[in-house]
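Remarks on the structure that follows.
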There are 2 protein chains.
Amino acid sequence: MVSSRLQKGFSRQQVANITGLSARQLNYWRRTGVIEPSSTTQGGHARYSFTDLIALKTVKQLLEQGVSLQKVRKSILALLQYLPMQQQPFSELKVIATGDVVLVFHQGVAMDALTGQEWIMEVAELEKEIVRQYPDAFQLVVEQEELFTANTDKKAS
Amino acid sequence: MVSSRLQKGFSRQQVANITGLSARQLNYWRRTGVIEPSSTTQGGHARYSFTDLIALKTVKQLLEQGVSLQKVRKSILALLQYLPMQQQPFSELKVIATGDVVLVFHQGVAMDALTGQEWIMEVAELEKEIVRQYPDAFQLVVEQEELFTANTDKKAS
DNA sequence: TTGTGACAAAAAAGTGCTTTTTTTGTAGCA
DNA sequence: TGCTACAAAAAAAGCACTTTTTTGTCACAA
């Protein structure tokens, strides 16, 4: 399928074969701005780059995870907007998708691809926060554990 | 607020003060199974453990991230179900919440707290997959880059 | 003080229906 | 082959409405 060593990019049919997407879909996505081929022949035929292939594969996965095409479209916009990388925009990224949310991991940060919001909630931090604000609370825990250890043989339950 | 060193747990009012939740909420949550106090006095009064405090703080954060209480309830069930830890069930966890989804990170794995599904999509893997299946594809990329480098001064765009 | 029950208001979730989006097919043309 | 255009079927998104859930306040009992 991928034949010539002299071609300038992948044709629609080649991309369809490689990615498992239908040629028809590729047209539609091109027209509606999901993934557009990064170059075009003089006759107006699509030529997809290797990077395009990866992007298309990514989109396919997202769809299979239940993300709607509309959200995919928005997510890709956000990706390009918030992660302005040049040559390999999608690689080195970890992506998590559940029906409604697309999350992108990059350099230890989790980002919502739709909103651009970044956050991770560390439960251990909540613990520390309580202890900082209420030192007695932790004291209490220690004492409880001591009591528990001491009374293990006495208690039946 | 946290006074005695001999008490067996935190009272409702103490928990309310520490967590910032309302006493009413704690009652309701107790009755409807969001977070139940891990022990009870003979008179039926709630006694929350330190771990309960952390769980409650976690829930509060989730609510503030826009997760509904119903989803929180389901998520907590899933958490306990899929991560059966004994003493400190919530610590060492990283949690990510966007409106509809609660994700839990534990030992390098991301899990949807609602469904228990685990996945991370590594974009770099998609890349490798393509190259594995279609070695020519990568060949093509290399050639393209060579061509690109060679023609840089010729091309205006 | 804490818990329970009752009433009420606000928030969230479910439902059925319509509209829009997406996919696919077909045909003409370069 | 591949693009365009028209068309039809399937899937998703919106919307208005109802129902459920959640929270607050109050009165009363333990």
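None of the values given here were measured: they were computed from a predicted structure. Naming convention: chains lettered A, B, ... in sequence-line order (proteins, then strands); numbering from 1 in each chain.
- Using a 4.0 Å heavy-atom cutoff across all strands shown, A23(A) reaches no nucleic acid atom at all.
- Rounded to an integer number of Å, the gap from CZ of R24(B) to C1' of dT2(C) is 13 Å.
- Two residues, S68(B) and H45(B), neighbour DNA chain C, and the one matched to the more 5' nucleotide by heavy-atom proximity is H45(B).
- Residue Q70(B) places no side-chain N or O under 4.0 Å from the OP1 or OP2 atom of dT21(D).
- Side chains of T98(A) and D112(B): a donor-acceptor N/O pair is absent below 3.5 angstrom, by distance only.
- Atom pair R31(A):CZ and dT21(C):P shows a separation of 12 Å (rounding to whole Å applied).
- Proximity of Q13(A) to the phosphate of dT1(D): no side-chain N or O atom is located under 4.0 Å from OP1 or OP2.
- Closest of all the heavy-atom pairs between W29(A) and L63(A) is CZ2-CD1, 3.5 Å.
- Whole-Å rounding puts the L69(A) CG to dA13(D) P distance at 10 Å.
- Counting distance only, with no hydrogens placed and no angle test, the side-chain atoms of R12(A) and the base atoms of dG2(D) include no donor-acceptor pair under 3.5 Å.
- Distances shown here put a side-chain N or O of W29(B) below 4.0 Å from the OP1 or OP2 atom of dT23(D).
- Heavy atoms of G43(B) sit nowhere under 4.0 angstrom from any nucleic acid atom.
- Within 4.0 Å (heavy atoms only), T32(A) reaches no atom of the nucleic acid at all.
- Residues A16(B) and A23(B) share a closest heavy-atom pair of CB-N, 4.2 Å.
- Contact annotation: R30(B) reaches the phosphate of dG3(C) (side-chain N/O to OP1 or OP2, under 4.0 Å).
- dT22(C) atom P lies 17 Å from atom CD of E64(A), rounded to whole Å.
- In this structure, the nucleotide among dT4(D), dT21(D), dG3(C) sitting nearest to the side chain of Y28(B) is dT21(D).
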ask   = So R30(A) and E36(A), salt bridge (Lys or Arg N to Asp or Glu O under 4.0 Å) or not? Walk me through it.
value = CA-CA 4 Å; R30(A) 177 189 183 185; E36(A) 299 170 49; over 6 Å; no

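- If you measure from atom NZ of K71(B) to atom P of dT20(D), you get 18 Å, rounded to the nearest angstrom.
- With rounding to whole Å, F10(B) atom CZ is found 18 Å from dT1(C) atom P.
- Rounded to the nearest 0.5 Å, atoms OH (Y48(A)) and CD (Q14(A)) are 12.0 Å apart.
- As judged by a 4.0 angstrom heavy-atom cut-off over every strand, S22(B) is placed among residues touching the sugar-phosphate backbone only.
- Phosphate contact (OP1/OP2 of dT22(D), side-chain N/O of R73(B), threshold under 4.0 Å): present.
- No donor-acceptor contact under 3.5 angstrom links the side chains of S68(B) and R73(B), judged on distance only.
- Between L63(B) atom CG and dA11(C) atom P there is a gap of 14 Å when expressed in whole angstrom units.
- Between the two ends of the helix from dT1(C)-dA30(D) to dA30(C)-dT1(D), each summarised by a five-pair axis, the helix axis turns through 60° (rounded to 10 degrees).
- Set against dG3(C), dT23(C), dG24(D), the side chain of Q25(B) has dG24(D) as its closest nucleotide.
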query = Stepwise, does the salt bridge (Lys or Arg N to Asp or Glu O under 4.0 Å) test hold for R132(B) with E129(B)?
reply = CA-CA 5 Å; R132(B) 257 199 306 276; E129(B) 195 180 307; 5.2 Å; no

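- In terms of modelled atom types and a separation under 3.5 Å, the side chain of Q61(B) and the main chain of T58(B) share no donor-acceptor contact.
- To the nearest angstrom, C1' of dT22(D) lies 13 Å from CG of N27(B).
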